[in-house]
J.: 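The structure is given below, and queries will be raised subsequently.
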Amino acid sequence: MIEETCQTFVSDCHVRAAADLISHTWDPVVLSALRLGPTRRNELLRRIAGVSDKVLTQVLQRLQSRGLVTKVHGARQASAHPGVVYRLSPLGESFANGPLALLARWAADNQAELADPSATM
């Protein structure tokens with residue numbers, strides 16, 4: 001249950017905890033990419049333009065440590081040999097398909113205003 005008296009700047013506030021999940025530039029991008037299903041690391045590199053190999057490795061480790069992503073060994077994908085794939089955990093699915101998807105929709109709906117704040121004045 002969310003406390004109505006939660007102070008936005010208090011370190012244990014739920015808003016800060018949620019914001020921390022998207023505070024790293026690539027974390028929400030990787031979570032969104034994994035919404036398409038279990039994916040090999042090299043496929044994520046191809047799918048996410050601009051992310052480096054090193055940064056993707058750091059992001060996947062961070063998301064795993066938070067329980068949002070799981071690393072599955074020996075998984076098979078269509079026309080592929082067994083290997084390692086990354087997938088959203090149930091917690092990751094609830095975040096990526098819920099609040100993160102809503103935030104992405106809001107950003108898309110307000111793209112003009114976000115790109116040019118004077119457009120709303």
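The analysis underlying the following values was restricted to heavy atoms, covering all of them including side chains, and did not include hydrogens, waters or symmetry mates.
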J.: Determine the minimum heavy-atom distance between I48 and A33, stating which atoms define it.
T.: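 The answer is CD1-CB, 3.9 Å.
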J.: To the nearest 0.5 Å, how far apart are CG in L63 and CD in Q58?
T.: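 Atom-to-atom, L63:CG and Q58:CD are 11.5 Å apart.
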J.: Is any side-chain heavy atom of L100 closer than 4.5 Å to one of F95?
T.: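 They are in side-chain contact.
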J.: CZ/R46 to CG/L44 distance, rounded to the nearest 0.5 angstrom?
T.: 9.5 Å
J.: Closest approach of S94 and P99, non-hydrogen atoms and distance?
T.: O-CD, 3.4 Å
J.: Heavy-atom distance under 4.5 Å between the side chains of V29 and V59, does that happen here?
T.: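 Not in contact.
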J.: How close do T39 and G37 get, counting heavy atoms only, and between which atoms?
T.: OG1-O, 2.7 Å
J.: With heavy-atom distances below 4.5 Å as the criterion, would you say the side chains of L68 and L31 are in contact?
T.: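 Yes - at least one pair of side-chain heavy atoms lies under 4.5 Å apart.
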J.: Test V85 against H73 for side chain to side chain contact (heavy atoms under 4.5 Å, CB included), laying out the working first.
T.: CA-CA 7 Å; V85 296; H73 296 273; over 6 Å; no
J.: Is the closest side-chain heavy-atom distance between V30 and L56 below 4.5 Å?
T.: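 Side chain of V30 against side chain of L56, heavy atoms only: contact under 4.5 Å found.
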J.: Any pair with a residue in residues 18-33 that passes side chain to side chain donor-acceptor pair (under 3.5 Å), sequence neighbours left out, goes on the list, sorted by first then second residue, please.
T.: D20-S23, D20-R66, D27-R62
J.: Is there a side-chain contact between V84 and K71 in this structure, where contact means two heavy atoms from C-beta onward sitting under 4.5 Å apart?
T.: yes
J.: Considering non-hydrogen atoms only, spot the tightest contact between S89 and G67 and give its length.
T.: OG-O, 2.5 Å
J.: Regarding R40 and E43, does a basic nitrogen lie under 4.0 Å from an acidic carboxylate oxygen?
T.: no
J.: Could you tell me whether the side chain of L34 reaches within less than 4.5 Å of the side chain of R87, counting heavy atoms only?
T.: no
J.: Would you compute the distance between atom CG of L88 and atom CZ of R35 and round it to the nearest 0.5 angstrom?
T.: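 So the CG of L88 and the CZ of R35 are separated by 9.0 Å.
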